[in-house]
Amino acid sequence: MKKQNHKTLTKFILLSLIAVQFVACAKGNLGDQLASLPGDESTLGQEPQDGNNNGETTSPETPSTEAPVVENGFRLDQEVKKYKDRYELENTFAKLTDNKGQGVDELYGTRNFRVVLHGVMYRGGANNKYLSTPRSNVNPLPTVGLNNLCKEDFSAAVYLYSENFNTAPKSVSCKDTSHQDHKLNYKQYAAAGEKEKILQMVYDRIKGKLDGPIYAHCWNGWHSSGLISGIVLKQFCGWSNEKADAYWMKNTDGNNKGFDSIRRRLREFKPLVKYSITAAERALICPQE
């Protein structure tokens, strides 16, 4: 009887040991499963990974140059590429129309057409003096110029002087490059006194609130257009006073004597916080020179 009890006790001890090992094993497996669930300590602080990037993460020190899609479907990167491919302007000094308005036929009506911000803003003059039927140089864009800018998908043109603006249409309608109905608005703002209105327009274009670029112009495309363009480059591209001044000088095509007040206004401008843009947006739109 004692021998049988001893065997029973031994068997009970062995079964207990097996049960303990089974529970321990089960707890280990359960722990592995819990560790893989979202919200576990092992994943806190890690950036979620895109299933299409092969497990790679983007360094925060190297912002992507791809602009996000905004609510209306606007893609700044696509707009910049469209106009870079269309105009192929390598720098801020290259022209698509010369001082007599000759060059790219689609931009006839402009003079000294240059890029300021790719896909966002361009600058120049109004071709009045060298039209097939010439008129005084002291005039806004001829209607043919407004119509051509509209057909090139521009959303707005800005006349930087006031002389004879009342003779120009305040908007024109056309078929754009996609054969869709399109409208260009014509504004009149002074380059110095109303610069914030122009900066707001540029900011709105960057953020997708305008459906095409802006053409800012004076009479020849040298002085006032250079002032507002230098201000824009300081605001959105972080250009220094020295760089902006050299830019203004070079783009007068040698007509730079006696304009100290314009150059002073350009130097005195300080970028405004309310029109700040992201590093990715800046990388897209800002020219090399």
Side-chain angles (χ1 to χ4, degrees), residues 66-89 92 94-97 103-127 140-160 165 168-189 191 194-195 197-218 221 225 228-229 232-233 235-237 275 277 281-282 284-287:
E66 182 174 331
V69 179
V70 297
E71 291 182 3
N72 62 359
F74 176 80
R75 284 284 297 269
L76 181 60
D77 56 335
Q78 292 177 354
E79 287 292 289
V80 168
K81 184 179 187 304
K82 178 172 78 172
Y83 286 93
K84 276 188 172 181
D85 291 347
R86 181 183 299 179
Y87 294 145
E88 297 182 338
L89 288 167
T92 57
K95 301 179 187 180
L96 290 185
T97 55
V104 175
D105 291 341
E106 289 80 1
L107 295 171
Y108 183 74
T110 71
R111 291 171 60 201
N112 298 315
F113 182 101
R114 295 172 163 113
V115 65
V116 182
L117 301 175
H118 292 292
V120 174
M121 179 176 168
Y122 297 81
R123 61 169 285 190
N127 184 11
L141 275 167
T143 302
V144 64
L146 291 169
N147 285 331
N148 283 335
L149 289 170
C150 182
K151 293 173 185 177
E152 284 290 289
D153 310 327
F154 279 70
S155 65
V158 179
Y159 181 36
L160 300 169
F165 182 66
K170 303 310 176 281
S171 67
V172 295
S173 298
C174 66
K175 295 290 185 182
D176 63 15
T177 56
S178 300
H179 308 292
Q180 302 296 313
D181 291 335
H182 186 63
K183 180 180 178 181
L184 176 140
N185 292 311
Y186 197 21
K187 304 289 186 180
Q188 188 276 310
Y189 297 134
E194 297 176 287
K195 58 183 175 292
K197 293 180 180 178
I198 302 172
L199 290 175
Q200 181 68 63
M201 292 178 69
V202 175
Y203 184 79
D204 286 347
R205 168 59 178 164
I206 293 169
K207 297 300 182 180
K209 294 180 181 179
L210 294 180
D211 61 358
I214 302 151
Y215 180 66
H217 76 93
C218 48
S225 64
I228 192 59
S229 297
V232 164
L233 289 164
Q235 173 67 51
F236 296 105
C237 299
Y275 298 124
I277 61 173
E281 289 166 335
R282 178 178 290 190
L284 283 169
I285 66 176
C286 290

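Just so we're clear, the structure is a prediction, and the values are computed from it rather than from any experiment. Any value given below was found using the heavy atoms of this structure, including those in side chains, with hydrogens, waters and symmetry copies removed.
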Student: Starting at CG of L76, measure out to CZ of R205 and round the result to the nearest 0.5 Å.
Tutor: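 Between atom CG of L76 and atom CZ of R205 there are 7.5 Å.
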Student: So, E152 and Y87: side-chain donor and acceptor under 3.5 Å apart, yes or no?
Tutor: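 Distance-only check passes for E152 and Y87.
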Student: Can you name the nearest heavy-atom pair linking P142 to N127, along with the distance?
Tutor: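 Closest approach of P142 to N127, heavy atoms only: CG-O, 3.5 Å.
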Student: Taking the side chain as everything from C-beta on, heavy atoms only, tell me whether L89 gets closer than 4.5 Å to P287.
Tutor: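 Sidechains of P287 and L89: no contact.
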Student: Holding to side chain to side chain donor-acceptor pair (under 3.5 Å), I want the full list of residues that pass it with K170, two or more places apart in sequence or in another chain.
Tutor: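 None.
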Student: Is any side-chain heavy atom of T143 closer than 4.5 Å to one of P169?
Tutor: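 Touching, per the 4.5 Å side-chain cut-off.
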Student: Ignoring hydrogens, what is the shortest heavy-atom contact between G119 and P213? Give both atom names and the distance.
Tutor: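 Residues G119 and P213, closest heavy atoms: O-CG, 3.7 Å.
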Student: Can you tell whether the side chains of K175 and D181 come within less than 4.0 Å, N to carboxylate O?
Tutor: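 Result for this pair is yes, salt bridge flagged.
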Student: Using the side-chain contact (heavy atoms from CB on, under 4.5 Å) definition, which of the options V115, L117, I285, D153 pairs with Y83?
Tutor: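 For Y83, the side-chain contact (heavy atoms from CB on, under 4.5 Å) test succeeds with only one of V115, L117, I285, D153, which is D153.
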Student: Go through the structure and list residues passing side chain to side chain donor-acceptor pair (under 3.5 Å) with Y159, not counting sequence neighbours.
Tutor: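 W219.
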Student: Quick check against the 3.5 Å criterion: does Y186 have a side-chain atom that pairs as donor or acceptor with the backbone of L141?
Tutor: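 The answer is yes, because a donor-acceptor pair under 3.5 Å joins these two groups.
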Student: How far apart are the closest heavy atoms of L210 and S155, and which atoms are they?
Tutor: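 What the structure gives for the nearest pair is CB-OG, 3.8 Å.
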Student: Going by heavy atoms in the side chains, are K195 and I228 under 4.5 Å from each other?
Tutor: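 The answer is yes, as the side chains (C-beta and beyond) meet within the 4.5 Å cut-off.
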Student: Tell me, please, which residues at least two apart from D204 pass side chain to side chain donor-acceptor pair (under 3.5 Å).
Tutor: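 Applying side chain to side chain donor-acceptor pair (under 3.5 Å) to D204 gives Q200.
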Student: Could you measure the distance from the CE atom of M121 to the CG atom of L199? Nearest 0.5 Å is fine.
Tutor: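 One gets 8.5 Å once the value is rounded to the nearest 0.5 Å.
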Student: As an exercise, state the distance from SG of C150 to CG of D176, rounded to the nearest 0.5 Å.
Tutor: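 Going from the SG atom of C150 to the CG atom of D176 covers 7.5 Å.
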Student: So do K187 and K197 actually touch side chain to side chain, heavy atoms under 4.5 Å?
Tutor: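 They are not in side-chain contact.
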Student: Go through D211 and H182 one step at a time and tell me if the side-chain contact (heavy atoms from CB on, under 4.5 Å) criterion holds.
Tutor: CA-CA 9 Å; D211 61 358; H182 186 63; 3.6 Å; yes
Student: Please report the interatomic distance NZ(K95) to CZ(R123), rounded to the nearest 0.5 Å.
Tutor: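 Going from NZ on K95 over to CZ on R123, the span is 9.5 Å.
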Student: Checking side-chain contact (heavy atoms from CB on, under 4.5 Å) between Y108 and each of N147, T97, N148, which is the one that passes?
Tutor: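 Answer after filtering N147, T97, N148: N148.
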Student: If you measure from NZ on K207 to CZ on F74, what distance do you get to the nearest 0.5 Å?
Tutor: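 Those atoms lie 10.0 Å apart.
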Student: Report yes if the side chains of T177 and R86 come closer than 4.5 Å at any heavy-atom pair, otherwise no.
Tutor: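 T177 vs R86: side chains touch.
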Student: Could you pull out all residues at least two apart from D85 that satisfy side chain to side chain donor-acceptor pair (under 3.5 Å)?
Tutor: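 Per chain and number, D85 pairs via side chain to side chain donor-acceptor pair (under 3.5 Å) with K81.
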Student: Would you check if I214 and V116 make a side-chain contact, meaning some heavy-atom pair closer than 4.5 Å?
Tutor: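 In short, these two side chains do not touch, never coming nearer than 4.5 Å.
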Student: Taking the side chain as everything from C-beta on, heavy atoms only, tell me whether V120 gets closer than 4.5 Å to V232.
Tutor: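 SC-SC contact between V120 and V232 ruled out.
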Student: Mark yes or no for whether S225, through its side chain, and H217, through its backbone, hold a donor-acceptor pair below 3.5 Å.
Tutor: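 Pair absent, no side-chain N/O of S225 close to backbone of H217.
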Student: For F154, enumerate each residue passing the ring-ring contact (aromatic ring centres under 6.0 Å, His included) test, keeping only those at least two apart in sequence or located in another chain.
Tutor: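 Only Y122 meet the ring-ring contact (aromatic ring centres under 6.0 Å, His included) criterion with F154.
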Student: Might you point out which heavy atoms bring V144 and G109 nearest each other, and give the distance in Å?
Tutor: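 The pair with the smallest heavy-atom distance is CG1-CA, 4.5 Å.
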Student: Can you tell me how far apart CZ (F236) and CD1 (I206) are? Round to the nearest 0.5 Å.
Tutor: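 Rounded to the nearest 0.5 Å, the CZ-CD1 separation comes to 4.5 Å.
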Student: Would you please name every residue forming a ring-ring contact (aromatic ring centres under 6.0 Å, His included) with Y189, sequence neighbours left out?
Tutor: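 Listed in chain order: nothing, the list is empty.
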